[in-house]
Structure formats: C-alpha cells, structure tokens
Amino acid sequence: GGGTGLGGGAALEDAAANQGLTVRAYIVDQFRKLSNAYRAGADKGTGARMHGSGRSDAREYHYKQVCAALEHLSDSPDWAELEAIGTQRHGVGGKTIAKLRELWDTGRLGRVDEFSNNPEQVARELLIKVHGIGQSRVVELVRQGVRTISDLRQRTDLSPQTSIWLKYHDQLEQPIPRDHIGEVRDRIGAVASRIDPRLKAIACGSYRRGKMESRDMDVMLILRGAGPGSTEHLEVMARIVPELHADGLLTDDLTTPGKFPQFGKKTAARVTTPSVVQAENSIAYMGICIVGGVHRRLDLRCYPEHQEAPALLHFTGSGDFNRFMSRAANARGFTLSELGLQPSVIKGPAERVPSGPHLELHSEAHIFEILRLEYKDPSERRDKIDVIDSTTGRPFFQTRESRTALPALTDTSRLQAHHPAAIT
DNA sequence: AGGCTGTACTG
DNA sequence: CAGTAC
DNA sequence: GCCT
C-alpha cells in the first residue's frame, strides 16, 4: 500500500462504501468528475498556466475513454485488475494508472478535490449545463463573477436560446419517463401523417437504446419513398413545426426562429440573408414541448428514406459510440455520418476528402457489415469498447497493434463490386 | 508532432 | 467564422 | 492524456 497505512485497497473500499457505491462505480465516478471538469475548462478558467493547459477538450475525451474502460471492471477489482487495464485498454496510460494507484492507496484523487474546492470551477461545471453556454462563454461568465443560475438570470446579454431554456430550467433537469417519449412520438406521427402519409416517426436517442429515463427526446421523421436528389423532406420541417405548435405540443423554439415567419419577428430583415435560405432548408429542429404538464427538450429531424439507416444509427447514439464507430470507419477508409457512408482518404493535414460515392445502406446492420464491425443492438451501443472488429471479435481499438489490415476493405472498387448499388 | 466524429444552426 | 449542440 |  501507499503511505497512509491502509494497505490492500482498504481506503478505496471505505471511500466507496461511504457513498454507497461499489468500488468500480466509485472509481468511475471519480474519473467522470475529471472528464466533466475538463469539459468545463478546468485548465483554462483559472488563468494559471498548468501543465498541458489548452488541452482540456482532449482531456475530457481522454477521461471518457478511461471511464468506458473502467465500466468493464468487476464490482470489486483488486490491484492487479486495475493495473491490467493499462496494458489492455486503448487510451489508458501511465498517468491514469498513477491516478488509479492514488485511489487504491488513499481512496481519493487530489485532482478531483482540487477542482471541487475551487468555487470558480464548481460554477463552470454548473453553468455549462445551460443550453447555449459552452466552453468559451462559461469561462468568460465565471470570470465576470457569475456563480449560480440566479446570477445567470440577472444577465441581460443572454442568447434567446439560453433565455428560453432558463424559463424551464427546473423541468428540463428532470429525467423523462420512457412512456412520455413514446407518447410524443405518436403525437408527432399523427400530425406528420396528416401532412404527408408517407411520413413515419421514430423515437431515437436513449429511448431507442432501451433506457427507462432520458434527458431529452429525439424524434426522427422518415419520408418514405424519397430518394437521392429529392428535397421534399426539407419542406416537411417547415410545415410540421407550426402544426405542432397549433397542436399544443410545442411551446418554444430553440432553433430556426427565422424559418417560420409566424413564430418570429425578424422576418423582413432576415428573409433575404443567406442564413435564412439555409434555415429554410433545415432538417434539424430543436425546441421545447410539453407532456403531462412538464416541459421537455425535443429534437426533431426529417430524412428521406434512403438515409434512414445512417440517420437511425447516428441519432440512436450513444454519442461516445458514434465517435468511435466513426473513427473505426475512418481507419477502414470511410467517412460515416448521419447522411451516409462513403469511401474517403486523408489528404493533407487534418483533411479527409471523399474518394467515392455514398453507398446504398439497407439497414443499420448493413453499415456494420460494410465496416466489418460486429452488429450491436441499440441497447449495447454504449462506448468505445462496444465497437468490435468482427474479423477478430475484439474491440476495434486495442493497445497492442493486433488489428489486421484488410486490403479488400480499403480497396474501394472491390468493395463496390460487392455492393454495386452505390448512390451517385 | 498532430490528431482526437461529422454535421447543422445562430449571430 | 467562432461558438454551440447533437 | 494517449496514440500513431
């Protein structure tokens, strides 16, 4: 053991027990705190020139990977098991093992304590949860002395989105029961089919991943029969949002204020600007709806049928799963997005350019198959470690370079010979 | 030494 | 274009 | 912070 006199991980067990957590859950919680702290600009806000400052986004990313690795530990890991993730898990290195050792010996992480004892850091972590306040604004607001949500409400320079969100702050923080989301999907589906019977509504996000509670609602509309080149689905949003307001489901819009003249006042000034032309073609809507007397965040999108598979995959998430599936796609010579899957090559610094047409994608499973990744049911799409190389049966991202190069996969012409129905 | 997903909307 | 969100 |  370390210098505390409590050997054999006893300090760690005590710390976990004090919070009613398993040792694993406690460790994950500590590292999640680090991830959240760096998301909120832990090494930017103080003005102190900490080692590695300016990399907080990368560290947030790093600690998310660490959390994913830790989630796969047993409930009460011994030291050997903790140490082993350093060699077994891609993205876990020496500094992380040192922190695990610190936890093992003392039950605490000095870094976490440091952050939680810093009022400005605590404020940043609180305020960054507000819609429209990100890594940049949160640093500036806290620098100006904002510490609480009440402080924030006093500001007169908030964006319209932030003001709207603050109206419902308490309600929006509450988890959404699963059946409320199904209900909203059905209501949207009913309105949608009045507008165009070819429309179908699908609830995605954590709902589709099987969660009993969600933070927001993700509903996707698919325009059946619409294919490449069709722009019909773009008009759907412009028509359905006013209907959903009339229906009483929507109460506020967070996006597209200029897109629906009947709900915005800036029409004359904006109608001629390029940004509004773009907004009129928008496929994404973000707003607030009311279900069972409680206001909730709603995201609504509309896609033509030929993009159903990649859109479904993308909006089902999780976000972390998407990230690493996209990285796997990149490693195999593709770019993956909600719009499709297409061969692409790296050209120049940080630039990836398409090297072939979008492929026709029949289903989510088809996307996994093309990428030679093991199909994962929505409920299993959690993190990096759920992205499995189906040629080895092991996680795609491994520490030791045991991943086999697959010439047939990066050879675009042969791939398309197997999947001749590429979309041009 | 550079990169860490890719895309859409706002101001 | 930077900032934000998903 | 870690990987290539």
Side-chain angles (χ1 to χ4, degrees), chain A residues 31 34-35 38-39 43 51-66 69 86 89-99 111 128-140 157 159-162 165 204-206 215-218 220 237 253-259 264 266 269-270 273-276 278-286 297-301 307 310-311 313-331 334-342 344 346 348-352 354 384 387 397-401 403:
Chain A
F31 281 92
L34 288 180
S35 182
Y38 284 112
R39 181 169 74 98
D43 57 358
H51 176 69
S53 84
R55 294 199 184 288
S56 54
D57 47 352
R59 287 191 177 174
E60 175 205 357
Y61 176 81
H62 161 69
Y63 284 117
K64 275 188 169 172
Q65 299 186 55
V66 172
R89 294 301 187 195
H90 186 268
V92 180
K95 296 267 190 75
T96 302
I97 295 301
K99 286 187 173 64
R111 189 63 105 197
I128 203 171
K129 293 178 184 167
V130 174
H131 188 100
I133 296 180
Q135 306 199 326
S136 176
R137 291 212 254 265
V138 81
V139 167
E140 180 58 16
D157 57 351
S159 70
Q161 293 98 317
T162 296
W165 196 93
C204 300
S206 54
R215 264 187 57 258
D216 59 11
M217 314 190 179
D218 297 294
M220 198 168 76
M237 297 298 294
D253 301 328
L254 291 170
T255 61
T256 64
K259 175 174 142 191
K266 312 171 187 172
R270 303 198 50 183
T273 70
S275 70
V276 163
Q278 191 182 10
E280 272 169 346
N281 288 339
S282 95
I283 59 175
Y285 167 83
M286 300 192 327
R297 274 279 293 110
L298 173 71
D299 287 346
L300 187 60
R301 286 155 196 266
Q307 290 181 152
L313 179 65
H314 182 86
F315 291 105
T316 296
S318 68
D320 285 349
F321 184 84
N322 287 348
R323 242 166 145 165
F324 289 101
M325 187 154 170
S326 292
R327 280 185 65 175
N330 290 346
F334 293 90
T335 296
L336 174 64
S337 79
E338 64 268 44
L339 304 179
L341 178 66
Q342 74 181 138
S344 67
I346 294 177
E351 200 185 2
R352 176 170 277 278
K384 174 180 188 172
V387 178
F397 296 96
Q398 298 265 157
T399 41
R400 306 283 171 248
E401 196 40 68
R403 203 153 68 232

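A note on names: the letters A, B, ... follow the listed sequences, proteins ahead of strands, and every chain is numbered from 1. All heavy atoms count here, side chains included; hydrogens, waters and symmetry mates do not.
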Practice task
Please list, chain by chain and in numerical order, all residues satisfying side-chain contact (heavy atoms from CB on, under 4.5 Å) with A:Arg215, sequence neighbours excluded.
Solution key: none
Close N or O pairs between protein and nucleotides 1-3 of chain B (under 3.5 Å):
from, atom 1, to, atom 2, distance (Å)
B:dG3, OP1, A:Ala350, N, 2.8

Handout entry: chain A footprint on DNA chain C, 5' to 3' - any atom under 4.0 Å from a heavy atom
Key = C:dG3 to C:dC6
Practice task
Could you go through the side-chain contact (heavy atoms from CB on, under 4.5 Å) check for A:Leu34 and A:Val66 one step at a time?
Solution key: CA-CA 10 Å; A:Leu34 288 180; A:Val66 172; over 6 Å; no
Practice task
Considering just the side-chain nitrogens and oxygens of A:Lys64, establish if one lies under 4.0 Å of OP1 or OP2 belonging to D:dG1.
Solution key: no
Exercise for the section: Report yes if a side-chain nitrogen or oxygen of A:Ser337 is closer than 4.0 Å to either non-bridging phosphate oxygen (OP1 or OP2) of B:dT7; otherwise report no. Expected result: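 The answer is yes; a side-chain N or O of A:Ser337 sits under 4.0 Å from OP1 or OP2.
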Exercise for the section: Measure up the A:Phe324 and A:Tyr61 rings against each other and bin them: parallel (under 30°), tilted (30 to 60°), perpendicular (over 60°). Expected result: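 Ring orientation, 0 to 90° scale: parallel.
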Contact class for [X] (heavy atom, under 4.0 Å): base, sugar-phosphate, or nothing?
X        : answer
A:Arg327 : sugar-phosphate
A:His131 : sugar-phosphate
A:Ser159 : nothing

Exercise for the section: List for me each residue that meets side chain to side chain donor-acceptor pair (under 3.5 Å) alongside A:His62, sequence neighbours excluded, and say none if there are none. Expected result: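 Expected list: A:Thr96.
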Problem - With A:Arg137 via side chain to side chain donor-acceptor pair (under 3.5 Å) - residues at least two apart - result: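 For A:Arg137 there are no side chain to side chain donor-acceptor pair (under 3.5 Å) partners, ignoring immediate neighbours.
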Problem - Atom P, compared across B:dT5 and D:dT4: separation rounded to whole Å - result: 14 Å
Practice task
Between A:Gln161 and A:Gly319, just flag the one whose closest nucleotide in DNA chain B comes earlier from the 5' side.
Solution key: A:Gly319
Exercise for the section: Could I get the full list of ring-ring contact (aromatic ring centres under 6.0 Å, His included) partners for A:Phe321, not counting sequence neighbours? Expected result: none
